[in-house]
Amino acid sequence: MENSKINKPKSSEELKSKPSLNFIELIIEEDLKNNKNEGRIHTRFPPEPNGYLHIGHAKSICLNFGLAQKYNGLCNLRFDDTNPVKEEVEYIDSIIEDIKWLGFDWEDRLFYASDYFDQLYEWAIKLIKNGKAYIDDQDVEAIGEQRGTPTKPGINSPYRNRSIEENLDLFKRMKNGDFADGEKILRAKIDMASPNMHLRDPAVYRIKHADHHRTGSKWCIYPMYDFAHGESDYIEKITHSICTLEFEVHRPLYDWFLDQIIEGNYRPRQIEFARLNLSYTIMSKRKLLELVEEKHVSGWDDPRLPTISGLRRRGYTPESIRNFSDRIGIAKRNNIIDVAMLEHSVREDLNKKALRRMAVLDPVKLVITNFPEDKTEYLEAVNNPEDENAGKRKVPFSKEIYIERSDFMEDPPRKFFRLSHGKEVRLRYAYIIKCENVIKNNDGEIIEIQCTYDPETKSGTGTTQRKVKGTIHYVSAKHAIKVEVRLYDRLFINENPDITEDGKDFKSNINPDSLKVIEGFVEPELKNAKPLEHFQFERQGYFCVDKDSTDNRLIFNRTVLLRDSWAKKNK
RNA sequence: UGUCCGAUGGUGUAACUGGCAACACGUCUGAUUUUGGUUCAGAAGAGUCCAGGUUCGAGCCCUGGUCGGACAACCA
C-alpha cells in the first residue's frame, strides 16, 4: 500500500494552480486555517520619522500593505516616534507622501506610537506593581559595565530590589520632571544572566527633557522601542508584526512585554525577513544622511539616491517599484540584489508608457546639401509603438539637422550600421541619406557632415524598396530646443560600497562621474513638457522632466539607458 | 567560550505534508524590426555548504561539522 505513493509525479496543472508562497504567506495561511485571532490579518508599517524612506522601505511597505490586500486584511501606518530628539515633522510629511505615491492607502488608520503614551505609562506602572520593573539610579556607563558581554553574564544592579512603593514613587517623580536626563531609568526586571543580551534588564523608560513633535512638553520620559512597539501592536490589534532580521534577537523581549499585559486569546506575532540590499547602493539611513549633510548629493531627493523621493525624481514609477518588490521575493537569508533587476523593472514599465521623442545629446551638425534651403517638412511620427492610443505627432525636418556624434564614424568597425563616408542610413521618419563629405576644424574635429538625401525614400510612402541597415535620430536645427540634461550613473564604483581600503569609509567609493550635466537639443514637441513626465529619447534611454525646470529652460534627468546590444558587443 | 538566524546556477526567489531542481534578472545565439529598443525562438549555467544517518527515494527529516549574518545604545 505504501507503493501507491511511489513515483507519483506532479502534474503541471497542479504546479500552475498553486502559486508559490513566501514563508510569511505560509505562516499566514496556516494561521487562517487555525482561525488564529479570529481569522483577522492586520499588519502595519512602522517607520521612525528620522529620515527619508528608501527602496528598502518600499520592500517592506509593499510586503505589509500587499499582505493586507491579498488576505483581505488591513495595514496601518504607524510612526514609531518614541525618541523626540531624533525625529522631525519634515520626515513625517515626506514619508506620508512617499507611501501614497507608491500607491498604498491606510485609510483612517494613521497612528503614532506617541498616541499611546498614556496607556504605555499605565502599563509601565503595572510592570512596577507586579515587580517586573525597577528604577535604576546608575548612569549609562555603570549599567553598561554590569550588562556583561554576549559570552559573559551580567550582574544585578544594586537598585534591582527596591521596594515597589519606592519604584512607584520614583517613576512618578521621573514623569514629573524631578530628575535630569540620565539620572534615573526604568528597567524591566528579567534576567541579567540571560544568554540573550536584550533580556538583561533592558531599559523601558528614559528621561529626555525634550519637546515632542506631537505631545509637546507633556512628557519628559519616553518609552523605549522594545516596550512601545509590541504594546502598540497590541493596542492596534496587529496580528502579524513584520520587521527586519536584526530584530530577531529582540523577539523574546517583544513576547515578554506582551506577556505582561495580554488578556484573552488575541496575540500579535513578530516575524522577521531579510532587508533589501542593492548592488552599488548604500541603504543605511545614517549613511544616506551623511551623504546629504556633507553635500555629496543635492538633497534627500537627489536622483542618484535610492530614496523613494530620489527614485521618483529620477523617473521611476510606482508600478516599477512595486513590480520590483514582487520580483525580489521575501526570505530570511541575506541578499544583494543586482541593480540591473531594478533597472529592468523601470524599463519594462516605461516601455509601455513613455512617449517617444527625439533628442540629440552630443550634437554634430549635418547638412543635407540637396534639400531646399528654406523648406520645412513635417513628418508623421508614432508616439509610442507599444501603445496605439498614444497617437502621433509631427516632427519638423529641414536642411540642417543635428545628429549624435557617435552615429558617425570615419573608420567604422564591421557591422557599424550608422553613418560613414559614402554610406547610407535612414533618418527616422524621414529619408535615406548618404554621406558625401565631412568638414573638420583645425584640430581635426568634425564640425559638419554633408549628405544628400533621396526624395524617393520618404518614410511611410511604402514605395521604397531600398533597405538600409541603420536608422538614426536627429533634431532639425532651426526647430531644436536647447535643454539641460542630467546624465546619472551609479553613485558608487563598488558593488558593495562598504568594502574599502584600510582606514577609508564608504565615501571613498563614490563615483566621481555619477552626474554629468550637458546641453542637448530636443524636438519642439517637448516644449510644454511638465515635471515628472516620462519620455523615451529614442535609441538612448528614458528621461524625466526635472522639477528644477523653468518656462525658459527644460531640464531632463536620465532615468535609465535603453538596453544596447551594440554598445555591449563593443565593450 | 554564549544566544538566535541563515546556506539552492553569476544574482534573487521557488520546489505544496520527502518523488532526481523551476521562475525571474543577467549572459550568449538566432529571427523580426524605420529605436542596435520592444517582441519572438533558443542556449549555456546549480545536482542544492560538508560528512554521516533514516528511507525504495532527501534540497526538504535526524546528527555532527563548516561558513556567513545578527545581538553587548538611556537608537529604531
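Just so it is clear: chains get the letters A, B, ... in the order the sequence lines come, proteins before strands, and each one is counted from 1.
Identified under the side chain to side chain donor-acceptor pair (under 3.5 Å) test for residues 558-567 of chain A, with sequence neighbours left out: none.
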Q | Protein proximity profile, nucleotides 71-76 of chain B - base contact B, sugar-phosphate-only contact S, no contact -, cut-off 4.0 Å on heavy atoms | A | SBBBSB

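No donor-acceptor contact under 3.5 angstrom links the side chains of Y542(A) and E343(A), judged on distance only. In the model, E48(A) has no side-chain atom that pairs as donor or acceptor with a side-chain atom of Y225(A) under 3.5 Å.
Remark: K469(A) is not in phosphate contact with G36(B), judged by side-chain N or O atoms under 4.0 Å from OP1 or OP2. At least one side-chain nitrogen or oxygen of R539(A) sits closer than 4.0 Å to the OP1 or OP2 atom of G36(B). Residue R275(A) has no polar side-chain atom (N or O) positioned under 4.0 Å from OP1 or OP2 of G69(B).
Rounded to a whole Å, the NZ atom of K332(A) is 10 Å from the P atom of A7(B). Whole-Å rounding puts the H344(A) NE2 to U39(B) P distance at 7 Å.
Residue L26(A) is out of contact with every strand shown, counting any heavy-atom pair closer than 4.0 Å. Within the nucleic acid shown, L186(A) has no heavy atom closer than 4.0 Å to any nucleic acid atom.
Comparing the same atom, C1', in A46(B) and in A41(B) gives a spacing of 24 Å after rounding to whole Å.
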